[in-house]
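Here's the structure, in structure tokens; my notes come after.
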Amino acid sequence: MTSLDELPLRDDLRGLTPYGAPQAPLPVALNVNENAHPVPEAVIEDILADVAVALDGVNRYPDREFTGLREALADYLGHGLAADQIWAGNGSNEVLQHLMQAFAGPGRTAFGFAPTYSMYPLITQGTGATWVAGTREDDYRITPEDAAAQVAAADPDVVLLCSPNNPTGTPLGLDVVEAVHDAARGIIVVDEAYQEFAPKDAASALTLLPGRPRLAVSRTMSKAFAFAGARVGYLAADPALIDALRLVRLPYHLSALTQAAATAALRNSRTMLRMVDEIVEQRDRISATLEALGYAPHPSWSNFVLFGGVDDPKHVWQELYDRGVLIRDVGIPGHLRVTAGTEAETTAFLEALASIGSAS
Ligand SMILES: *Cc1c(COP(=O)(O)O)cnc(C)c1O
């Protein structure tokens, strides 16, 4: 068999490893922050009816500008946004890739505060740009002053701010976004993949868009919206920034089936999001129980909890795996990350962990 080393691969891709969260068929999968609740039956039927209509015209290319979907996303986001301020892709990862292709790329840099979303360096490198990692305080917070100073020193072409942050769950204040924006000359992306799990009165960076054409706020239907398998992510920004993304996207990148399914799901957003409060309840239960077991959970505004105080994360991960529970070793020493599941899944995780008894 040919090995990768024998192929004329780009020099800057040599030695890299692909994204590889294990996809194991375990009964309790709490490793990639999905919504553990399936789409309600009535919504499935509504989506199927629209997908059937789309199939009827599937011999033709889809609407390249996905106009109906953009209108539905603008409606869902509110904040007075219009369709020409919305972009979408096959997951917010693709939306981030479009941003990197347009504003980073060879000879340029993208910057984020580590530890943060593991796809940022991979998307950066995949588009030929260089990833620059900044630092956080011990509790993973970032102050506006320190953030501005780090960004001014690095002078990146793109800054990625994950709010709340994955894999730590840490909230990010809008004062940090404003400070970073003012300290940077490049594009500022606020990744709000988990915004729906934040407290109801938490302000979104969407409120900062007016007058800031270098700011983009990305969201996804993969987490709160229970639509990970459909692959739909999106962002809001100035119409000029959206125009830049049109230069790099492949024509017809959103299939007619994706557009139909996502638009129908958004029409049912209230039902799609009805499990969010229940998930937040399970998240808070995880944090409280972990603390009682002697672990050190970090504050989370997302649908997962990062916890410290694990003496041997690899061992604990394997012990849980052997008990049918899949969680995530994100590579932070002494830590593991778990997604809030259904009440039953969450109980299964907490009981399995208690039975291992490994808090240091
Ligand atoms: C899960 C996640 C995404 C979403 O990815 P999709 O491609 O939309 O499924 C984006 N950003 C962060 C920080 C995430 O954790």
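Start at 1 and go down the list; that is how both ligands and their atoms are numbered. The figures that follow rest on heavy atoms only: side chains count, while hydrogens, waters and symmetry mates do not. As the structure is a prediction and not an experimental result, all values here were calculated from the model.
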Taking any residue with a non-hydrogen atom under 4.0 angstrom from an atom of ligand 1, which ones do you get? G91, S92, N93, Y117, C162, N166, D191, A193, Y194, T220, S222, K223, R231
Connected hydrophobic set around I332, excluding itself, where side chains approach under 4.5 Å: Y140, L306, V330
Counting distance only, does the side-chain N/O of R283 pair as donor-acceptor with the main-chain N or O of V305 below 3.5 Å? no
Distance-only donor-acceptor pairs under 3.5 Å for side chains of residues 225-241, two or more places apart:
from	atom 1	to	atom 2	distance (Å)
R231	NH1	S222	OG	3.4
R231	NH1	A228	O	3.4
D238	OD1	A240	N	2.9

Tell me the closest heavy-atom pair linking L320 and I327, and the distance in Å. CD1-CD1, 3.5 Å
Please find the pair of heavy atoms, one from I242 and one from D84, that lie closest to each other, and give the distance. CG1-O, 3.6 Å
Under the rule for side-chain contact (heavy atoms from CB on, under 4.5 Å), what residues qualify as partners of T124, not counting sequence neighbours? M100, A110, A129, W131
